[in-house]
> 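Pasting a structure below so you can have a look.
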Amino acid sequence: QAKSKVFEETLREFLFADDCALFAHSHADLQFLTDRFAAACRRFGLTISLGKTEAMFQPSPSQAANAPKPPHIIINNTEIKNVEKFCYLGSTVTSSGSLDAEVMQRIGKASTAFGRLTKRLWQVHCIHLSTKIAVYRAVVLSALLYCCETWTTYRRQIKLLEQFHQRCLRRICNIKWQDRVSNLQVLEKCGLPSIECLIIKCQLRWTGHVIRMEDDRIPKMLLYGQLKQGHRGQGRPLKRYKDTLKANLKNCNFTENSWEATAHDRALWRYQCT
């Protein structure tokens with residue numbers, strides 16, 4: 001709460017390899033940034049792929065019911081398409097900020113990876129179960145939980161992921177519903193934790209990595225920062241990543257006053273997050 005330690009930072013663009021995401025609070029500001037970005041590309045001899053460039057309007061929760069029309073952004077005399085969701089760095093970003101589309105996308109990709117190995121691995125009886133589980137973790141779970149470190153999950157989304165996880169493990173172990181085997185017994189037989197445990201472990205390890213960053217790094221500024229303008233409405237507001245993190249720390253018996261000091265010790269933090 002010390003005023004001397006409070007500073008303001010405006011984030012306008014996120015650059016990663018050949019991808020760029022521009023942010024603005026108004027139509028005029030976004031058009032101005034886009035024009036400057038297009039001019040800089042022309043100076044360096046770069047070409048913007050207009051077919052892959054999209055615009056998305058994210059209204060605040062208070063404006064969701066009566067949201068204004070999406071902006072019309074023009075690049076090189078061409079109006080780019082307005083979308084409700086798009087894929088950025090492998091993750092699905094939606095105008096509402098909901099994780100539902102991303103969860104369904106992850107389940108679809110993981111299901112495709114699982115199906116391709118059905119005849120070559122899962123139905124081959126001469127391969128040991130431990131080998132199948134190792135491949136399942138490397139191929140299917142990695143596709144299912146891609147970028148789960150940054151997820152803000154609700155119970156319904158965890159339930160969908162758990163159902164897919166159990167369905168895959170039961171097919172690997174050839175366990176049918178008539179066998180009356182509980183989900184806990186399936187996890188014990190495969191030597192795997194639940195999806196919720198895996199997500200919590202990934203989020204805690206990622207949070208420890210952010211804690212150890214320098215103070216001027218964008219992920220750390222976003223973790224400790226808050227919006228300068230706006231307020232949360234009455235009733236139960238939408239969950240934030242901080243809310244999920246606090247719940248995970250409480251469930252894992254980390255004290256609120258000492259977990260940051262523990263996270264600075266990388267080896268100790270990784271040991272306690274296992």
Side-chain angles (χ1 to χ4, degrees), residues 87 89-92 99-100 102-210 212 244-245 247-254 259 262-263 265-274:
C87 182
L89 303 182
S91 298
T92 303
L99 194 65
D100 294 333
E102 173 66 5
V103 169
M104 299 308 298
Q105 186 80 2
R106 291 292 104 208
I107 292 177
K109 291 183 179 295
S111 179
T112 301
F114 185 88
R116 289 176 177 175
L117 295 173
T118 300
K119 294 183 179 180
R120 295 185 177 183
L121 184 62
W122 314 133
Q123 295 181 354
V124 179
H125 300 289
C126 60
I127 299 178
H128 198 271
L129 178 61
S130 60
T131 304
K132 295 181 180 181
I133 296 301
V135 175
Y136 172 76
R137 297 191 64 149
V139 178
V140 181
L141 282 184
S142 60
L144 181 66
L145 301 181
Y146 175 76
C147 281
C148 69
E149 297 89 348
T150 60
W151 288 356
T152 303
T153 56
Y154 286 84
R155 179 52 54 185
R156 66 179 186 276
Q157 296 155 352
I158 294 292
K159 185 177 180 180
L160 288 175
L161 295 170
E162 291 285 5
Q163 289 175 351
F164 174 80
H165 185 46
Q166 284 289 330
R167 186 163 60 248
C168 292
L169 294 181
R170 289 173 182 271
R171 288 188 62 184
I172 293 175
C173 299
N174 195 23
I175 299 176
K176 300 180 175 59
W177 67 269
Q178 296 94 336
D179 298 332
R180 302 287 183 174
V181 179
S182 65
N183 293 341
L184 183 59
Q185 291 175 329
V186 174
L187 295 176
E188 291 177 350
K189 181 177 181 178
C190 297
L192 287 176
S194 64
I195 289 296
E196 187 174 11
C197 292
L198 291 173
I199 293 177
I200 292 176
K201 178 181 177 180
C202 291
Q203 290 186 348
L204 291 181
R205 293 181 65 174
W206 166 248
T207 304
H209 179 66
V210 174
R212 294 187 294 271
T244 303
L245 178 60
N248 293 340
L249 291 172
K250 183 178 180 180
N251 294 332
C252 295
N253 297 324
F254 285 107
W259 75 271
T262 306
D265 189 340
R266 183 173 180 269
L268 179 60
W269 183 252
R270 288 176 66 90
Y271 173 76
Q272 293 192 0
C273 291
T274 55

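The chain is numbered in sequence order, starting from 1.
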> Let's go through C252 and I200 carefully: what are the C-alpha distance in whole Å and the side-chain angles of both, what is the deciding distance for side-chain contact (heavy atoms from CB on, under 4.5 Å) to 0.1 Å, and is it a yes or a no?
CA-CA 9 Å; C252 295; I200 292 176; 3.8 Å; yes
> Could you tell me whether the side chain of L169 reaches within less than 4.5 Å of the side chain of Y136, counting heavy atoms only?
yes
> Identify the heavy atoms of S91 and Y146 that sit nearest to each other, and give their distance.
OG-CE2, 4.1 Å
> Just verifying a value: how many Å separate K189 NZ and L184 CG, rounded to the nearest 0.5 Å?
14.0 Å
> Say whether, by atom type as modelled, one donor and one acceptor occur between the side chain of Q203 and the main chain of W151 under 3.5 angstrom.
yes
> Determine, step by step, whether R170 and V181 satisfy the side-chain contact (heavy atoms from CB on, under 4.5 Å) criterion, reporting the C-alpha distance in whole Å, the side-chain angles of both residues, the deciding distance to 0.1 Å, and the verdict.
CA-CA 9 Å; R170 289 173 182 271; V181 179; 4.3 Å; yes
> Just verifying a value: how many Å separate L141 CG and L198 CG, rounded to the nearest 0.5 Å?
6.5 Å
> Could you tell me if the side chain of M104 sits less than 4.5 Å from the side chain of L160, heavy atoms only?
yes
> Atom CG of L99 and atom OG1 of T152: how far apart are they, to the nearest 0.5 Å?
7.5 Å
> Any chance you could lay out the side-chain contact (heavy atoms from CB on, under 4.5 Å) test for L161 and T153, step after step, and finish with the verdict?
CA-CA 11 Å; L161 295 170; T153 56; 5.6 Å; no
> Given 3.5 Å as the limit, does a donor-acceptor pair link the side chain of Q157 with the main chain of Y154, or not?
yes
> Is it the case that the side chain of R137 and the backbone of S142 share a donor-acceptor pair, with hydrogens and angles ignored and the cut-off at 3.5 Å?
no
> Please check if atom NZ in K132 has more than 12 non-hydrogen atoms from other residues, nucleotides or ligands closer than 6.0 Å.
yes
> Quick check: do L187 and Q166 have side-chain heavy atoms less than 4.5 Å from each other?
yes
> What verdict does the side-chain contact (heavy atoms from CB on, under 4.5 Å) test give for T118 and R171, after you've listed the backbone C-alpha separation in whole Å, the side-chain angles of each residue and the deciding distance to 0.1 Å?
CA-CA 9 Å; T118 300; R171 288 188 62 184; 3.7 Å; yes
> Indicate yes or no: at least one non-hydrogen side-chain atom of F164 is less than 4.5 angstrom from one of V140.
yes
> Please check: side-chain N/O of H165 versus main-chain N/O of P193, any donor-acceptor pairing under 3.5 Å?
yes
> Take atom CZ in R156; do more than 12 heavy atoms of anything else shown fall under 6.0 Å from it?
yes
> Measure the shortest side-chain to side-chain distance between L249 and L204 over non-hydrogen atoms and say whether it is less than 4.5 angstrom.
yes
> Salt bridge or not for E162 and R155, using N-O below 4.0 Å?
no
> Do Q185 side-chain atoms and S182 backbone N/O form a donor-acceptor pair below 3.5 Å?
yes
> Please answer whether the main-chain N or O of K176 pairs with a side-chain N or O of D179 as donor and acceptor at a distance below 3.5 Å.
yes
> State, with a plain yes or no, whether a side-chain heavy atom of L121 is found less than 4.5 Å away from one of I172.
no
> Between W259 and W269, what is the ring plane arrangement, given parallel below 30°, perpendicular above 60°, and tilted in between?
tilted
